[in-house]
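Residue numbers begin at 1 in each chain, while the letters A, B, ... track the order of the sequences.
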Amino acid sequence: MVSFDLSDDQRMISETVKKFALNEMRAIYRDCDEKGTIPPEFVSKAWELFLIPNNIPEAYGGVGEPRSVVTSTIIAEELAYGDFSLAVCALAPATVVYPLIEFGTEEQKQKYLPMFCEEQFKAAAAALMEPRIDFDLPSMKTTAALKGSEYVINGEKCLVPLAADAQVILVYAQTDASAGAKGVQAFLVDKGTAGMELGEREKNMGIKALDTRKVTFKDCRVPKANRLGGDAGCDTAKLINYTYIGLAAMATGVSKAAFEYARDYAKEREAFGEPIASRQAIAFMLAEMAIEVDATRLLAWEAAWRLDKGLDCDREAYLAKQYAAEKVLMITDRAVQILGGHGYIREHPVELWLRNGRGFATFEGLVTA
Amino acid sequence: MKIIVLVKQVPDTETKVQVKPGEKAISTDGVTFVINPYDEYAIEEALRIKEAKGGDVTLISAGWDKAAEALRTGLAMGADKAVHLNDPAFLGGDAHSTAVALAKAIKKMEYDLILCGKQAIDYDNHQVGVRVAELLGIPHVAVVTKLELQDGKAVAHREVEGGSEIVETPLPAVITAQKGLNEPRYASLKGIMQAKKKPLEAKKPADVDAAPNEVGQAGAKTTVLTMTMPPERAAGRVVEGEPEDAAKQVVKLLREEAKVI
């Protein structure tokens, strides 16, 4: 049977992350958005929570707690409830660390995992999206061709978070077009590898605090041993499922933030002698927003739960992400609507959440659960 | 240095407090519970002292089963062990009988310093820490914003109106923490995992040599007769007109209707 009870660990993790989100993220997110930067002190504070090293095996310097996708989902939601840009920044290394834990060869784990158990935050990111209209694994244009003892990577990626600082980027590339999605594999590309060129910082509609880049690969050569999982490779479709769930969870966090703000505003703001929340036009909107916040969360939890059980979740993860991307836009847009003229000005956070929320229909691979 | 921290589990600060008609305590339905925020300063201070000078930190709380959650969170912050006075006999007490229970348990423990919050944010008594000091026969300094330890002494800074007071006391002593003492750390995931392996000992009245009638409700010196929500405030009245006339009218209303001048 299904249970929605959090374990003691999950309850404490959820409490601590929520507290962090409210105290540390909500205090700075507007400033970060306006200035387009994330203070290093924030990154250090987030790193002290051990969100990522917690799941790295002890042999590589981590805490050694087995990974739970449900727990990751809870963390992702709470952090995004604080702020989405800051959440992506804090969790970006997970997009390299978690695939390494699951599919990395012993040699790869020994080389990379200890770096993410150090006291200092080390940036890392995944390069998955390409600058084109669709996202479809089988038609990925970035290629990795085996030439002797090296893979030669060619292609262009976009929306790579923290690319400028990343010690290592996990680059997804097609190794065998005839194999379709299965041909797409991941490669560990170290900072400064010849042939990997970082573009100018992207100018996005939302997530303005976050530094994202286009990354171009021109005959970028990496040793054969840098293919994630070595000759056995990795199950890329499964890794994509984790990212779908991570995005769905973060969309839930953004949605919850917008819903709560609009609800409290509507109870406070008076028009025609009573709070606007007592008007059906507003109350119905709020009720629907509340329903959709819970619905997106439950879809994400179900997909995460299936992964924890070792079950296939291609369908559930995709549904969760699609639904969340659509509903976060509806919910943040309505939050702006409920605030009326106040919704459109930057003194209130809802316009920021709407700008960030719009991105979920586009984002792929930015985060992982 | 052996440090004991008194911890109380209280409703989250964001709770909308509700009292059901006829009940003599706030309703716990749908309420999330947290460590009393002032006790968090006490835990943080204890951990900083331990990190600087060595020693260990023991948390102690008297409360229902759920209070173990607060102790577990304190262990996740970095405390070494916890004692939970967990028995129906300990419940329903007031500041006096709670202090008796805690002091009885502490008498059986080793300590150089006792820390706690200056008050719990639920019933705001400001009393338990001070009473524990009295029952143990040791000094206390309350509402402390800075604490320095040196050679068996504590130098505590406390805010007083218009300035600050610096108090020196021999150890052991009870220090009650005020906001500003430090910035409490978050329980990290590493801490949460380690906390599972730390001892959390439940104790009954007999374990601390307390007679059941001197702790909890039976030992209380005060009785809550009724508890009601504050009456809702009526909307204010706006007096319109030219300032000169309006002022006259306000004075008239204050004198004749409100009868305050």
### Query
E15(A) versus chain B, heavy atoms under 4.5 Å apart: side chain, backbone, both or neither?
side chain
### Query
chain A contacts: which residues in residues 177-193 of chain B have a non-hydrogen atom closer than 4.5 Å to it?
E183(B), Y186(B), A187(B), S188(B), L189(B), K190(B), I192(B), M193(B)
### Query
Is the number of heavy atoms from other residues, nucleotides or ligands under 6.0 Å of E14(B) CD greater than 12?
no
### Query
Do any of residues 65-75 of chain A have a heavy atom less than 4.5 Å from a heavy atom of chain B, and if so, which, in residue order?
E65(A), I75(A)
### Charged N-O contact under 4.0 Å between K196(B) and D8(A)
no
### Message
Heavy-atom pairs under 4.5 Å with chain B: which of E48(A), K45(A), E24(A) has the most?
### Response
E24(A)
### Message
For K267(A), is the NZ atom crowded, meaning more than 12 foreign heavy atoms sit under 6.0 Å from it?
### Response
no
### Residues in residues 47-58 of chain B near chain A [non-hydrogen atoms, under 4.5 Å]
none
### Query
If you draw a 6.0 Å radius around CD in Q18(B), do more than 12 non-hydrogen atoms from other residues or ligands fall strictly inside?
no
### Task
Mind ranking V63(A), N54(A), L51(A) by heavy-atom pairs under 4.5 Å with chain B and telling me who comes out on top?
N54(A)
### Query
Relative to chain B, which segment of L22(A) carries a heavy atom at a distance below 4.5 Å: side chain, backbone, both, or neither?
side chain
### Task
Identify the residues of residues 61-91 of chain B whose heavy atoms come closer than 4.5 Å to a heavy atom of chain A, ordered by number, or report 'none'.
E69(B), R72(B), T73(B), A76(B)
